[in-house]
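This one's a predicted model, so the numbers in the text were calculated from it and none came from an experiment. Labels below follow one simple rule: chain letters A, B, ... track the order of the sequence lines, proteins then strands, and each chain is numbered from 1.
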Protein chains: 2
Amino acid sequence: MVELPAPSRTRNAAATRQAILDAAHNRFAKEGYDGASLREIAADAKVDAALVSRYFGSKEELFVEVLNCAPDASDLFEGTLSDFGTRVAAKILDDRDVDQGVEYLLIMLRSASSLAAAEPLRRSMRTHFHDPFAAWLGGPQADVRARLAGDLIMGVCMSQAITSDHDLDEEGRASLRSRLAKVLQAAVEP
Amino acid sequence: MVELPAPSRTRNAAATRQAILDAAHNRFAKEGYDGASLREIAADAKVDAALVSRYFGSKEELFVEVLNCAPDASDLFEGTLSDFGTRVAAKILDDRDVDQGVEYLLIMLRSASSLAAAEPLRRSMRTHFHDPFAAWLGGPQADVRARLAGDLIMGVCMSQAITSDHDLDEEGRASLRSRLAKVLQAAVEP
DNA sequence: CGCCCAAGTCAACAGTTGATGACTTTTACA
DNA sequence: TGTAAAAGTCATCAACTGTTGACTTGGGCG
């Protein structure tokens with residue numbers, strides 16, 4: 001009441017920059033590259049809109065910066081190859097806690113239509129997903145197996161994003177999970 | 001040389017409407033719902049921009065109309081279930097002739113991020129793809145199998161759209177095709 | 001032919017977007 | 001303390017969006 005709690009943060013370029021980066025991450029994941037506006041992002045970060053352009057140069061450069069912060073999809077690689085299917089299927093379908101890796105997938109699929117975002121997207125996808133994935137898989141044609149599994153994951157995530165899972169009951173979801181596990185496993189096994 | 005061939009089409013409301021519909025189809029497939037502008041669509045159809053709004057009321061109604069023209073993914077269902085994988089894998093990956101069904105998939109994935117397009121998309125997806133697909137599949141949990149196969153197809157198409165297949169040589173493509181066939185088959189079989 | 005309504009055109013609107021240059025405020029150092 | 005540079009703000013630009021209303025043109029019917 002007496003006053004707003006910490007009404008104005010002490011000036012800190014690094015913190016501000018990070019706040020913008022976080023806000024941009026969320027907006028890009030929710031609305032895609034074209035859909036997210038710099039003004040929205042700035043508002044989320046509680047920052048003047050001009051600062052975004054000032055810090056990152058342009059929207060596209062901000063996008064690249066966000067993509068560069070992507071974790072190397074590391075959580076998908078924690079475990080054995082033999083239970084990859086069930087593990088990843090559970091992680092994708094039980095999206096109560098939308099973790100980082102899946103969020104970056106959302107950014108990608110939501111920005112797939114944008115011409116400006118296409119090239120950064122392609123590069124980031126290879127560096128942060130396909131290449132480490134293929135390396136983790138190993139064996140013959142690891143790149144093809146990684147790509148196929150990645151495509152399947154992307155398709156399922158996108159389907160979830162579109163349908164909001166309105167049209168599947170609990171039993172159907174369990175069935176989808178087990179079948180997805182099987183198909184995923186078929187995609188990655190040599 | 002002497003003059004433009006048929007410099008001005010004789011006035012024909014039905015033909016003009018169809019021209020707009022075709023142009024909208026192509027633009028939506030290329031740039032998604034948000035990315036495609038009515039002015040671009042009108043220019044493609046060689047029509048004044050105002051006519052688009054006049055004929056279809058609003059951009060969203062035009063989008064719905066385009067989606068309603070979608071073929072029932074019929075070309076995927078011509079053949080036996082046992083060779084579904086190889087058949088569809090070939091059709092998707094040899095996209096020299098991007099046929100209608102895949103084009104509508106492009107519209108969907110490119111417009112997935114748009115809030116305005118979400119609801120029409122979801123409806124069209126069920127009516128024109130999932131439901132007839134599940135009906136064609138038959139057997140236990142046909143809806144789950146249809147959804148999984150659909151998600152895989154969507155993911156692969158989207159991956160193609162993003163990467164433009166820059167990063168796969170001829171041998172890799174052959175390998176991808178055969179493996180996709182196997183995985184697709186695993187998705188649809190009971 | 002002459003009319004009249006449909007078909008098509010033009011200009012403009014209000015809103016939003018990304019970006020920029022000039023301005024003010026704060027921090028940190030000497 | 002005084003000051004210069006960093007950090008943040010403000011107003012504004014030009015471009016583009018979907019949409020609308022008033023206008024002009026054309027072809028088919030009497």
### Salt bridge flag under 4.0 Å for residues R147(B) and D151(B)
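Yes, this pair counts.
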### Query
Would you call E40(A) and K30(A) a salt bridge, taking side-chain N to carboxylate O under 4.0 Å as the test?
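Between K30(A) and E40(A) there is no salt bridge, as every charged N stays at least 4.0 Å from the carboxylate O atoms.
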Figure out the [atom1]/[atom2] separation between [X] and [N], and round it to whole Å.
| X | N | atom1 | atom2 | value |
| --- | --- | --- | --- | --- |
| K59(A) | dA15(D) | NZ | C1' | 14 Å |
| D34(B) | dC16(D) | CG | P | 17 Å |
| R27(B) | dC16(D) | CZ | C1' | 15 Å |
| Y33(B) | dT17(D) | OH | P | 13 Å |
| E40(B) | dT19(D) | CD | P | 15 Å |
| Q18(A) | dA7(D) | CD | C1' | 17 Å |
| L38(B) | dA12(C) | CG | P | 20 Å |
| R39(B) | dG18(D) | CZ | C1' | 7 Å |

### Task
Indicate the ring-plane relationship of Y33(B) and F28(B), choosing parallel, tilted or perpendicular according to the 30° and 60° boundaries.
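Aromatic pair Y33(B)/F28(B) classed parallel.
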### Task
Would you please classify the geometry between the Y104(A) ring and the H25(A) ring as parallel, tilted or perpendicular, with 30° and 60° separating the classes?
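Geometry flag for Y104(A) against H25(A): perpendicular rings.
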### Task
Kindly point out which of dT19(D), dG8(D), dG18(C) is positioned nearest to the side chain of T16(A)?
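Per side-chain heavy atoms of T16(A), the pick is dG8(D).
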### Query
Are L38(A) and V64(A) in one and the same hydrophobic cluster, where Ile, Leu, Val, Met, Phe, Trp and Tyr link if side-chain heavy atoms are under 4.5 Å apart?
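L38(A) and V64(A): separate clusters.
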### Task
Heavy atoms only: give me the nearest I92(B)-Q160(B) pair and the separation to one decimal.
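So the two residues come closest at O-OE1, 3.5 Å.
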### All ring-ring contact (aromatic ring centres under 6.0 Å, His included) counterparts of F56(A), not counting sequence neighbours
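With sequence neighbours excluded, F56(A) shows a ring-ring contact (aromatic ring centres under 6.0 Å, His included) to no residue whatsoever.
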#### Entry: Between CG on residue L152(A) and CG on residue L148(B), distance to nearest 0.5 Å
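Here the rounded value is 6.0 Å.
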### Query
How far does CD of Q18(B) sit from SG of C69(B), to the nearest 0.5 angstrom?
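Here the rounded value is 6.5 Å.
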### Message
Counting the atoms with a prime plus P, OP1 and OP2 as sugar-phosphate, which does A36(B) contact under 4.0 Å by heavy atoms, base, sugar-phosphate, or nothing?
### Response
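Since only primed, P, OP1 and OP2 atoms lie under 4.0 Å of A36(B), the category is sugar-phosphate.
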### Query
How is A15(A) classified with respect to the nucleic acid when contacts are heavy atoms under 4.0 Å: base, sugar-phosphate, or nothing?
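No contact.
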### Query
What pairs of residues pass the salt bridge (charged side-chain N to carboxylate O under 4.0 Å, His left out) test when at least one of them lies in residues 46-62 of chain A, not counting sequence neighbours?
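Salt bridge (charged side-chain N to carboxylate O under 4.0 Å, His left out) check on residues 46-62 of chain A returns no pairs.
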#### Entry: salt bridge (charged side-chain N to carboxylate O under 4.0 Å, His left out) partners of residues 180-190 of chain B, not counting sequence neighbours, each pair once
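Listed once each, the pairs would be none.
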### Task
Find the bend of the helix from dC1(C)-dG30(D) to dA30(C)-dT1(D) as the angle between its two terminal axes (five pairs each), to the nearest 10°.
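Here the helix ends are tilted 10° relative to one another.
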Nucleotide N/O to protein N/O under 3.5 Å, stretch nucleotides 1-6 of chain D:
none

### Message
Heavy atoms within less than 4.0 Å of DNA chain C: which residues of residues 45-55 of chain A have one? Give them sorted by number.
### Response
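Per residue number, the list reads A50(A), S53(A), R54(A).
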